[in-house]
Amino acid sequence: MSSGMLQNLIDPAILFFVFGVLAGAVRSNLEVPPALAKFFSLYLLVSLGLKGGANLAASGLPAAGALALGAALLMAALVPTYGFLILRRRTNPFDAAAIAATYGSVSAVTFIAAQQYLTQQGVAFGGYMTVAMVLMESPAIVMAVLLASYVRRRSAAPGEPAPSAALSMRKVLHEAFTDGAHLLLIGSLVIGFVTGDRGKQIMAPFAVDIFKGILAFFLLEMGLLVARQLRESQVRLERHLLAFALLMPVANAAVALALAAGLGLARGDAVLLAVLSASASYIVVPAIVRYAIPEARPGVYFTMSLACTFPFNILAGIPLYHAASGWLWS
Amino acid sequence: MRTLEPKKLLTLITSRDLQRLVLDTARRCGVGGYTIVPASGAGTSGVQTGILDGDSNVVIYIILSEPRLKTLLAEIDALMTAGYRVKALVSDIMILPRKAGSQG
């Protein structure tokens with residue numbers, strides 16, 4: 001096992017995640033009250049937004065940052081496109097569109113864990129990468145909705161009108177851009193940017209000092225959740241979907257690292273771009289896809305994202321992408 | 001004591017993500033009152049632990065008259081046909097009216 005992976009595994013927050021999985025696996029009655037778990041997830045978004053906004057105010061948006069944001073948008077369009085084309089061959093098209101949207105979007109907690117890992121490794125990254133994360137949340141949803149509309153039109157019998165979704169595109173876009181978690185992150189980012197260094201100092205006892213402890217508690221809950229999904233879910237993932245959930249993150253990270261190297265991005269930004277591309281949404285996208293693509297099976301895309309890809313990235317993916325960046329940036 | 005009035009109880013089980021969609025549908029059918037209870041469980045949509053929005057269910061109780069029930073059920077059926085995961089259970093109930101002659 002590489003030293004980076006070992007260091008990642010002995011991080012307290014990561015160990016709490018592993019502990020949560022073990023506690024869930026042995027059917028412990030340990031649980032974090034749902035209201036607290038919800039608060040922790042909101043706290044992490046507020047803290048992430050405040051710190052990202054303050055760092056952005058301090059450093060501005062250099063040319064490299066603008067390039068990183070462009071690369072993030074490109075990956076947000078690429079991942080769901082080729083993801084859909086790969087899945088479409090062996091999966092029903094609505095599931096393919098929903099999974100493509102899930103993997104085209106991002107996981108904020110994976111991004112936070114990656115930031116923590118890079119900080120431990122002494123690798124610098126730009127505050128604008130939080131903006132990159134925000135930018136990468138929604139394009140995949142829009143693409144998936146368009147793909148699902150295309151599939152509906154194709155599946156209609158000749159001469160018959162295409163079955164339409166119960167919701168208009170406008171309504172879906174409204175849901176995508178006003179989702180509570182998404183909006184809170186943007187609001188925190190703007191507040192962090194406007195209040196700058198002074199705001200950062202004022203909020204530090206809340207947004208910085210207790211951050212690691214809250215992250216550990218949230219990851220404990222996520223570990224329990226992953227174990228419960230694996231143990232109790234009646235959804236049996238087909239082998240090719242399981243392979244997609246575990247291999248696609250690595251492929252997406254490889255594409256992102258190659259793109260970042262080609263654009264000359266800094267190593268820390270490249271690793272975060274790789275982590276964002278490799279992660280899959282389990283909060284924002286599943287909520288909207290339930291609305292927008294009701295034909296897709298929620299148990300499939302949610303289980304793939306939460307029970308397979310999330311733990312893979314947290315435990316192995318982040319150090320792996322960092323190690324891979326070492327070869328390209330040496 | 002006032003006379004018990006026959007009514008229908010519609011129990012809807014759905015994802016918390018779809019709560020607003022279902023309630024908007026009910027409102028369009030003239031439903032003004034309902035009760036929502038957070039729920040967890042498991043089914044073909046996976047485990048609903050009640051922790052994340054994506055794996056949380058709600059149970060929506062609506063007491064209504066038979067004509068209004070039929071209108072609403074037709075709308076719920078249209079949602080289910082479109083693929084939305086909603087379970088609808090109908091029961092006959094007797095209710096003590098809030099005041100004499102009140103309409104539900």
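Letters A, B, ... are given to chains in the order of the sequence lines, protein chains preceding strands, and every chain is numbered from 1. Basis for what follows: all heavy atoms, side chains included, without hydrogens, waters or symmetry-related copies. All values reported here derive from a predicted model rather than from experimental measurement.
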**Request:** Count the heavy-atom pairs under 4.5 Å between each of A/Arg297, A/Glu31, A/Arg228 and chain B, then report the option with the highest count.
**Result:** A/Arg228
**Prompt:** Is chain A contacted by the side chain of B/Arg85, its backbone, both, or neither, given a heavy-atom distance below 4.5 Å?
**Reply:** side chain
**Message:** Looking only at heavy atoms and a cut-off of under 4.5 Å, which of A/Pro286, A/Gly180, A/Ala35, A/Gly299 has the most pairs with chain B?
**Reply:** A/Gly299
**Item:** A/Tyr282 and A/Phe310 aromatic ring geometry - parallel, tilted or perpendicular at 30°/60° bounds
**Value:** perpendicular
**Item:** Donor-acceptor pair, side chain of A/Ser188 and main chain of A/Gly49, under 3.5 angstrom
**Value:** no
**Prompt:** Which bit of A/Glu221 is near chain B, if near means a heavy-atom gap under 4.5 Å: side chain, backbone, both or neither?
**Reply:** side chain
**chain B contact via A/Val284 - which portion, at a heavy-atom distance below 4.5 Å** = neither
**Message:** Please report whether the ring centroid of A/Phe244 lies less than 6.0 Å from that of A/Tyr103.
**Reply:** yes
**Item:** A/Thr309 side-chain N/O to A/Ala245 backbone N/O, donor-acceptor pair under 3.5 Å
**Value:** yes
**Asked** Quick check: does any side chain N or O of B/Thr25 sit under 3.5 Å from a backbone N or O of B/Leu21, one acting as donor and the other as acceptor?
**Response** yes
**Asked** Given that the side chain runs from C-beta out, which part of A/Ala287 has a heavy atom under 4.5 Å from chain B: side chain, backbone, both or neither?
**Response** both
